[in-house]
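Structure first, commentary second.
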Amino acid sequence: MKFLITGANRGLGKCLTETALERGHQVFAGVRDPEADILQSYGSQLKIIQLDVTDDQSVRKALEEVKASISSLDCLINNAGILNERDKTIEELDVAQCMLAYDINTLGPIRVIQHALDLLRQGTQRSIINISSEAGSITNAYTGDYAYGLSKIALNMLSEKLHLYLREEPIDVLAIHPGWMRTDMGGKNAPTDPYDTARAIIDIAEGKNKVNNRFRFVDYQGRSMVI
């Protein structure tokens, strides 16, 4: 399979990239810093591309680079994200920072999908996986994390709409809660190994774990999340 993974230089993105490579897949690793040290030993199986999801020109150029190498794509994983304004009350929120979270976490995937969709339409095991969060559940809403939660709710709605738009093609679309992981974002006290999450997500992309839920918001094992 051929993967495009954004935010591939650290955290879950790096684990997803490494897992896909270990299973023999070809990976285009989108990173803001092309000098990032990510798994250089995989040779031509891995191609690192500069990709800033907030910059349409950067996304366009990155996808042109991908299209110069391949004529089809099997799986796009929109993993790039930001968790900011964590402990702010509504009175303390910096609206500009909220807009940044929305730009990266919601509009970023839209930009990448716009430029990658023609390649995905030529793929064989076709899916779009948007890395979401339990913070994007209205039913289980909690105080704090306003910027992150609102951007992930929007990402979940994007996934539902995109699923309806592409279901006749078919290109599967999922918004996946990856769990609370031991990454820079999740912290060292998190209970989940990000490699466990990565392996389960790649299983879903490979079709080993079929997700048949009505709604597209699931956890990394394919179980339905509360909207």
Side-chain angles (χ1 to χ4, degrees), residues 4-17 28-38 48-63 76-116 128-138 140-159 162 174-190 192 194 197-198 201 217 219-220 225:
L4 170 59
I5 302 172
T6 70
N9 61 309
R10 61 185 181 136
L12 178 60
K14 187 172 183 179
C15 296
L16 287 163
T17 299
F28 292 84
V31 299
R32 283 191 302 169
D33 177 11
E35 302 301 319
D37 180 22
I38 59 168
I48 300 171
I49 55 174
Q50 185 172 13
L51 198 165
D52 180 350
V53 300
T54 67
D55 184 338
D56 188 73
Q57 184 175 354
S58 172
V59 176
R60 186 188 304 274
K61 184 177 179 181
L63 266 296
L76 165 62
I77 302 181
N78 284 308
N79 167 76
I82 186 173
L83 174 57
N84 60 351
E85 298 290 281
R86 288 230 59 190
D87 300 316
K88 299 288 185 69
T89 66
I90 191 69
E91 296 93 340
E92 297 168 336
L93 274 180
D94 183 334
V95 172
Q97 288 299 307
C98 293
M99 292 178 68
L100 176 63
Y102 187 71
D103 199 18
I104 295 172
N105 296 345
T106 310
L107 299 182
I110 289 176
R111 293 184 185 98
V112 179
I113 290 165
Q114 285 180 327
H115 293 290
I128 297 171
I129 294 174
N130 297 319
I131 301 302
S132 186
S133 169
E134 62 184 352
S137 167
I138 295 175
N140 293 328
Y142 58 91
T143 189
D145 289 341
Y146 287 95
Y148 187 70
L150 291 169
S151 68
K152 292 301 185 180
I153 288 173
L155 181 63
N156 291 345
M157 178 59 83
L158 168 66
S159 302
L162 198 60
L174 291 169
I176 294 183
H177 166 53
W180 181 19
M181 302 172 294
R182 291 188 295 276
T183 62
D184 289 345
M185 183 180 290
K188 64 181 180 180
N189 295 322
T192 306
T197 296
I201 290 175
F217 185 29
D219 71 8
Y220 64 93
M225 293 288 294

Between Val31 and Ile48, is a side-chain contact (heavy atoms from CB on, under 4.5 Å) present by the stated rule, with each step listed? CA-CA 7 Å; Val31 299; Ile48 300 171; 3.6 Å; yes

Exam field: side chain [X] to backbone [Y], donor-acceptor pair closer than 3.5 Å:
X: Thr197; Y: Pro178; answer: yes
X: Asn156; Y: Phe217; answer: no
X: Asp55; Y: Ser58; answer: yes
X: Arg182; Y: Ala190; answer: yes
X: Ser133; Y: His177; answer: no
X: Thr106; Y: Ser151; answer: yes
X: Asn79; Y: Thr6; answer: yes
X: Trp180; Y: Gly186; answer: yes

Beyond-backbone contact of [X] with [Y], side-chain heavy atoms, under 4.5 angstrom:
X: Asp52; Y: Val59; result: no
X: Ile110; Y: Leu158; result: yes
X: Ile5; Y: Phe28; result: no
X: Asp56; Y: Arg60; result: yes
X: Asp184; Y: Arg10; result: yes
X: Tyr220; Y: Met181; result: no
X: Ile176; Y: Ser132; result: no
X: Asn140; Y: Glu134; result: no

For Asp145 and Leu150, run side-chain contact (heavy atoms from CB on, under 4.5 Å): C-alpha distance rounded to whole Å, both residues' side-chain angles, the deciding distance at 0.1 Å, then the answer. CA-CA 8 Å; Asp145 289 341; Leu150 291 169; over 6 Å; no

Heavy-atom pair of closest approach, residues [X] and [Y]:
X: Tyr148; Y: Asn105; value: CD1-ND2, 3.7 Å
X: Pro194; Y: Leu12; value: O-CD1, 3.8 Å
X: Gly30; Y: Leu51; value: CA-CB, 4.0 Å

Per side-chain contact (heavy atoms from CB on, under 4.5 Å), Val112 is matched among Leu4, Ile128, Leu107, Ile77 by Leu4

Contacts of Ser159 that satisfy side-chain hydrogen bond (donor to acceptor under 3.5 Å, both in side chains) - sequence neighbours left out: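 Ser159: side-chain hydrogen bond (donor to acceptor under 3.5 Å, both in side chains) contacts with Asn130.
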
For Lys88, what residues pass the side-chain hydrogen bond (donor to acceptor under 3.5 Å, both in side chains) criterion, not counting sequence neighbours?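 Testing Lys88 for side-chain hydrogen bond (donor to acceptor under 3.5 Å, both in side chains), a comparison that skips the adjacent residues, returns Glu85.
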
Show me, pair by pair, the donor-acceptor contacts under 3.5 angstrom made by side chains of residues 92-104, not counting sequence neighbours?
unit_1 : atom_1 : unit_2 : atom_2 : d
Glu92  : OE1    : Thr89  : N      : 3.0
Glu92  : OE1    : Thr89  : OG1    : 3.4
Asp94  : OD1    : Ala96  : N      : 2.9
Asp94  : OD1    : Gln97  : N      : 3.4
Gln97  : OE1    : Asn84  : ND2    : 3.2
Asp103 : OD1    : Arg111 : NH1    : 3.0
Asp103 : OD1    : Arg111 : NH2    : 2.6

If you count every heavy atom of other residues, nucleotides or ligands that lies below 6.0 Å from Met185 atom CE, does the total exceed 12?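 More than 12 heavy atoms, drawn from other residues, nucleotides or ligands, come within 6.0 Å of this atom.
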
Leu155 CG to Ile131 CD1 distance, which is reported to the nearest 0.5 Å: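 Reported value, rounded in 0.5 Å steps: 9.0 Å.
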
